[in-house]
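Below is one structure, written out as structure tokens; comments come after it.
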Amino acid sequence: MKQYSWWQKGIIYQIYPRSYQDSNGDGIGDLAGIRQRLDYIQSLNVDAIWLSPIYPSPMHDFGYDVADYCEVNPIFGDMADLDALLEDIHARGLKLVLDLVPNHTSDEHRWFVESRSSRDNPKRDWYIWRDPAPDGGPPNNWVSFFGGPAWTYDERTGQYYLHQFVKQQPELNYRHPDVLPAMLDNMRFWLDKGIDGFRVDVIWLMLKDEQLRDEPLNPDWDGINPIGKLQHIYTQNLPGVHDIIRAMRAVLDEYDDRMMVGEIYLPNEDLVKYYGTRREDGSFDECHLPFNFQLLLLDWDARTVRDAVDAYEAALPQGAWPNWVLGNHDRHRVASRLGQAQARVANILLMTLRGTPTNYYGEEIGMENVPIPPEFIQDPPAVNQPEIAHIVGRDPERTPMQWDASPHAGFTEEAVIPWLPLPADYQTRNVRQQEEDPTSMLNLYRSLTKLRRSEPALAVGDYASVDAGAADVFAYQRTAPGANAFLIVLNFGEQSHTINLSEIATQAEVVIATGLKRSGTVSLNALELEANEGLVFRL
Ligand code: GLC
């Protein structure tokens with residue numbers, strides 16, 4: 001049988017290090033804390049851990065403003081802690097993926113400190129500096145994702161520099177010949193250490209229009225988030241970005257079995273270009289996985305989701321490996337978006353679609369957005385744009401992991417104030433409580449990940465959608481040669497349905513049900529599906 005890599009057959013579990021486990025009583029999670037929780041992580045049957053940035057950073061964007069690419073932030077520990085964590089992860093047969101943030105640095109990175117020191121500093125053009133417009137304003141109309149212009153004026157040298165996030169995140173200039181090699185060296189530093197790969201931040205933004213032309217207005221803007229006002233034709237998805245990514249991939253290819261997953265928000269036809277070109281050995285020459293974020297963004301109804309899955313499958317170049325994401329540190333929690341009942345359906349979907357699943361810590365227990373009192377709001381887009389803070393603020397999905405019913409849910413010591421608050425209901429929604437409840441979300445999650453790991457059809461098999469004859473129901477088959485076949489039937493609706501799937505088989509065995517109560521062989525010609533019910537059948 002064909003061999004698959006860990007990043008194809010495995011599951012990626014994202015940890016936001018500030019929020020997983022505090023081991024030193026400062027109210028912020030750390031590497032030693034994660035290390036203490038490896039038994040738990042392993043019990044989830046996931047294969048790789050992706051850590052959001054752990055590098056030195058003044059934390060203006062909570063670590064996505066990197067001041068040193070080759071060190072560990074003292075908040076999280078030191079290099080010895082990282083080495084120990086990596087060793088333990090590998091000893092368990094797991095992989096460790098780090099976040100790489102190549103598009104911008106912190107304004108405290110030594111490269112930018114030099115760059116801003118004078119117009120003739122050799123690193124001046126490592127960043128994107130321009131004279132003011134004739135009226136003294138910014139050089140063009142580009143805007144920041146976090147509100148306001150994408151340019152900040154620097155008094156000392158009388159020019160503006162570009163930043164599409166906070167002003168403490170100046171953007172590197174990949175048109176300067178020395179910048180990419182320097183970033184590739186940072187990658188090699190970690191790959192030499194044995195890191196298994198990178199999640200690459202905003203990879204589709206890494207190149208900007210050379211002439212810095214104004215972006216046209218977006219006629220379809222919904223009037224809510226100002227970043228949507230413009231069509232980002234000069235700041236995103238420029239053709240030349242693929243050359244940069246190919247160079248990054250070539251570095252990964254210098255090592256065995258490493259992986260790069262790119263953060264890209266684009267429609268299918270553009271997204272799939274980030275796999276690159278297929279090579280003779282069947283591999284591609286850009287991202288192993290360009291993140292597919294559709295499940296985070298789509299309206300949650302059976303027809304829309306089915307159409308999206310089918311369209312994505314159809315858009316994939318032959319041999320390109322699919323992937324799916326249910327949540328991340330930038331999007332509201334899936335259990336809050338869909339409700340607890342549909343969050344269970346979503347977990348079945350994620351773990352039974354074809355392609356690598358990525359899920360976000362806490363999803364396995366149905367963690368919800370935590371209401372953040374105004375004095376606790378820390379995330380820059382929310383701080384900068386208070387009127388839309390409830391939409392753009394990301395603190396609610398970054399709160400401490402809920403381990404148990406003890407003070408602060410076991411995240412930190414009792415006397416300490418965690419960096420973000422716990423929800424009022426953590427005593428009833430936590431890992432310990434769900435371990436004891438045989439029908440909990442956690443037990444659903446574990447049974448799904450266990451099944452996926454043991455069944456080739458689910459891990460790496462083919463996908464085909466099936467007409468279920470009810471608008472609320474999305475059904476599909478997963479098959480692999482010589483292996484058990486599976487039928488997945490998901491009711492996205494609030495009503496029960498009786499459906500006929502006898503064309504697939506007359507009867508089938510329920511192996512997992514959302515409620516974790518139903519089992520046994522059922523007839524498929526009059527299959528009764530409860531409201532919000534999802535079923536996984538072995539055929
Ligand atoms: C990515 C990260 C996000 C960060 C931004 C700037 O979108 O996921 O958290 O704020 O890039 O680095």
Side-chain angles (χ1 to χ4, degrees), residues 295 298-313 324 326 334-335 338-354 357 366 437-441 443-452 454-459 461-539:
L295 297 180
L298 289 175
D299 287 342
W300 195 254
D301 66 75
R303 184 80 245 174
T304 306
V305 173
R306 175 188 177 169
D307 287 349
V309 176
D310 288 350
Y312 175 67
E313 283 278 349
W324 297 95
L326 209 50
V334 60
L338 311 179
Q340 289 292 340
Q342 280 299 315
R344 286 178 173 246
V345 172
N347 267 325
I348 297 191
L349 179 73
L350 179 72
M351 294 305 171
T352 58
L353 281 175
R354 188 175 83 93
D437 171 3
T439 62
S440 65
M441 178 88 91
N443 280 313
L444 172 65
Y445 182 94
R446 283 182 174 146
S447 34
L448 286 164
T449 52
K450 187 171 165 213
L451 186 71
R452 183 180 176 99
S454 61
E455 293 287 354
L458 292 176
D462 290 340
Y463 157 93
S465 60
V466 167
D467 286 323
D472 278 344
V473 181
F474 174 28
Y476 48 97
Q477 271 185 280
R478 300 292 314 282
T479 53
N484 293 319
F486 288 82
L487 170 69
I488 294 93
V489 185
L490 306 174
N491 184 358
F492 282 58
E494 294 288 327
Q495 258 134 42
S496 59
H497 291 280
T498 304
I499 58 172
N500 181 354
L501 290 168
S502 56
E503 274 191 23
I504 309 280
T506 49
Q507 54 180 39
E509 183 202 346
V510 178
V511 279
I512 294 180
T514 32
L516 293 175
K517 284 183 182 143
R518 209 163 155 175
S519 64
T521 300
V522 297
S523 147
L524 289 185
N525 64 4
L527 172 66
E528 286 179 25
L529 267 186
E530 288 171 22
N532 302 309
E533 187 170 42
L535 297 171
V536 180
F537 294 99
R538 189 181 283 120
L539 291 171

Which heavy-atom pair separates [X] from [Y] by the least distance, and what is that distance?
{"X": "Gln340", "Y": "Gly366", "value": "NE2-O, 2.9 Å"}
{"X": "Leu516", "Y": "Pro438", "value": "CD1-O, 3.4 Å"}
{"X": "Arg452", "Y": "Leu350", "value": "NH1-O, 4.0 Å"}
{"X": "Ala475", "Y": "Ala468", "value": "CB-CB, 4.2 Å"}
{"X": "Val334", "Y": "Ala346", "value": "CG2-CB, 4.3 Å"}
{"X": "Ala480", "Y": "Gly461", "value": "CB-CA, 4.1 Å"}

To the nearest 0.5 Å, tell me how far [X] [atom1] sits from [Y] [atom2].
{"X": "Glu533", "Y": "Asp472", "atom1": "CD", "atom2": "CG", "answer": "13.0 Å"}
{"X": "Asn525", "Y": "Ile499", "atom1": "CG", "atom2": "CD1", "answer": "11.0 Å"}
{"X": "Leu444", "Y": "Thr449", "atom1": "CG", "atom2": "OG1", "answer": "9.5 Å"}
{"X": "Phe537", "Y": "Leu527", "atom1": "CZ", "atom2": "CG", "answer": "4.5 Å"}
{"X": "Leu524", "Y": "Leu487", "atom1": "CG", "atom2": "CG", "answer": "6.5 Å"}
{"X": "Asp467", "Y": "Leu501", "atom1": "CG", "atom2": "CG", "answer": "9.5 Å"}

Should Arg538 and Leu451 be marked as a side-chain contact (heavy atoms from CB on, under 4.5 Å) after you check the CA-CA gap, both sets of side-chain angles, and the distance that decides it? CA-CA 11 Å; Arg538 189 181 283 120; Leu451 186 71; 4.0 Å; yes

Main chain of [Y], side chain of [X]: is a donor-acceptor contact present, judged purely on distance under 3.5 Å?
{"X": "Asn532", "Y": "Val345", "value": "no"}
{"X": "Thr514", "Y": "Gly534", "value": "yes"}
{"X": "Asn500", "Y": "Ser502", "value": "yes"}
{"X": "Thr304", "Y": "Trp300", "value": "no"}
{"X": "Asn491", "Y": "Gly493", "value": "yes"}
{"X": "Gln477", "Y": "Val466", "value": "no"}
{"X": "Arg478", "Y": "Leu353", "value": "yes"}

Applying side-chain hydrogen bond (donor to acceptor under 3.5 Å, both in side chains), can you list everything that pairs with Thr498, at least two apart in sequence or on another chain?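 Partners of Thr498 under the side-chain hydrogen bond (donor to acceptor under 3.5 Å, both in side chains) test: none.
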
Can you check whether [X] reaches [Y] side chain to side chain, under 4.5 Å on heavy atoms?
{"X": "Asn484", "Y": "Phe486", "result": "yes"}
{"X": "Val522", "Y": "Leu535", "result": "no"}
{"X": "Tyr445", "Y": "Met351", "result": "yes"}
{"X": "Val305", "Y": "Val309", "result": "yes"}
{"X": "Leu458", "Y": "Ile488", "result": "yes"}

Within the 3.5 Å criterion, strictly below it, is a donor on Asp310 or Ser465 matched to an acceptor on the partner's side chain? yes

Once the angle between the rings of Phe474 and Phe492 is folded into 0 to 90°, is it parallel (under 30°), tilted (30 to 60°) or perpendicular (over 60°)?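 Tilted: the ring planes of Phe474 and Phe492 meet at 30° to 60°.
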
For Tyr312 and Trp324, take the angle between the two ring planes, folded into 0 to 90°, and tell me which bin it lands in: parallel under 30, tilted 30 to 60, perpendicular over 60.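 Plane angle over 60°, so perpendicular.
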
For Glu313 and Asp462, what are the C-alpha separation, side-chain angles and deciding distance, and is it a side-chain contact (heavy atoms from CB on, under 4.5 Å)? CA-CA 10 Å; Glu313 283 278 349; Asp462 290 340; over 6 Å; no

Glu494, CD: over 12 other non-hydrogen atoms inside 6.0 angstrom: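 Not buried by this count: 12 neighbours or fewer within 6.0 Å.
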
So does Glu528 have more than 12 non-hydrogen atoms from other groups sitting under 6.0 Å from CD? no

Determine, stepwise, if the pair Glu530 / Arg518 fulfils salt bridge (charged side-chain N to carboxylate O under 4.0 Å, His left out). CA-CA 11 Å; Glu530 288 171 22; Arg518 209 163 155 175; 5.1 Å; no

Can you check side-chain contact (heavy atoms from CB on, under 4.5 Å) on Thr521 and Glu509, steps first, answer last? CA-CA 4 Å; Thr521 300; Glu509 183 202 346; 4.2 Å; yes

Intermediate values then yes/no, side-chain contact (heavy atoms from CB on, under 4.5 Å), Leu349 and Tyr476: CA-CA 10 Å; Leu349 179 73; Tyr476 48 97; 3.5 Å; yes

